[in-house]
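Both ligands and their constituent atoms are indexed starting at 1 by order of listing.
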Amino acid sequence: MRKRLGVAVAIVLVLGTVGALAAQRGQDTVQGHVAAAKAAAGKDYPNLFARLCAPPEPPAPAGGAARQAPAVPDRSTWHVEPAKVFDNLYFVGQSEYSAWAVTTSAGIIVIDSIFGYSVEDQVVGGLRKLGLDPTQIKYVIVSHGHSDHSGGAKFLQETFGARVILSAADWDLLDRAAEPRPKRDMVATDGLKLTLGDTTLTLHITPGHTLGTISTLVPVRDNGQPHVAAAWGGTLYNWVRNRAAYITPDRPDRFWFDTYIASARRFRDLAASAGADVVISNHTVYDESKTKIPALAKRKPGDPHPYVVGSDAVGRYLTVAEECARAGALRASGN
Ligand SMILES: [Zn+2]
């Protein structure tokens, strides 16, 4: 009897703690949403949580030195080696920014083209180092019109005749940028199926980071085993710092946060429906590529694949994005 009572007390204590945590997480407060995001991030995505849920730094001064295009940084600060990540997916990015190459039976699809200064070195040179032929690049999907992802597209278009794909809104965004840009080419619409040879990628328009950010679902294989990778196309809440480029009377903070939140929820559902069990990002910090690529190099036969996190963790990645946005929206409204 006493033993049974002890068990009952323990259960009540555990339930009480879980209940208190759930209540804290469920609260529509900054702390409540940060707690929900932290729980969702778990051990899988500490950097995503840290970057997205951190209280914002003060806005950058409009028109100040911070907005000037930086000179080409020294190669030693950004160059990294390329890596084979799946049977048909290769990392050909630089230290902080990812470009991904999907190989198919009829050529290569590149997702994000990194900067104009690094594309030839990392994407073209990277493919060659991996034994792949950059002249086979048929498509370049640019997740959004910021130079860390779009800057190399012009080179790939002009050098290899690759078709460049952006959303309509982000082609417009590129048109307003000062940097060299590709000629306007293919326009991604929501749900677009891009088929090359034996491989079909699905592109979804997920506005938030920009008005036309593309998030992509990519079928991949690990030693022949099929998986689906989800690439959330834009991560940070840019309007918090770069207000001049985002905030207008029609589009206050609330607009951007609400748009981002709706897209994160929608893409979470789409990724779940597609059976996505892998996360890849266009920033090496968010998907933990900085530790996963070295871990892959040490992987032994039969070991789990570090990028295969399971569908629950893919959903939690997008929950971090959503919940930190909810916290940010409350911060912006002064609550
Ligand atoms: Zn961006």
Original post:
Who passes side chain to side chain contact (heavy atoms under 4.5 Å, CB included) against T135, sequence neighbours left out?
Top reply: D133, F160
Original post:
Under the side-chain hydrogen bond (donor to acceptor under 3.5 Å, both in side chains) criterion, do T284 and S289 qualify, and how do the steps go?
Top reply: CA-CA 5 Å; T284 55; S289 279; over 6 Å; no
Subject >> T77: side chain to side chain contact (heavy atoms under 4.5 Å, CB included) partners, not counting sequence neighbours >> reply: P73, D74
Original post:
Do the ring planes of F267 and W232 sit parallel (below 30°), tilted (30 to 60°) or perpendicular (above 60°)?
Top reply: parallel
Original post:
What class does the angle between the rings of Y237 and W239 fall in, given that below 30° is parallel, 30 to 60° is tilted and above 60° is perpendicular?
Top reply: tilted
Subject >> Under 2.8 Å from the Zn ion (ligand 1), the protein N, O or S atoms, given as residue and atom >> reply: H144 NE2, H146 ND1, H209 NE2
**OP:** Kindly write out the residues that satisfy side chain to side chain contact (heavy atoms under 4.5 Å, CB included) with Q225, not counting sequence neighbours, or none if the list is empty.
**Re:** H227
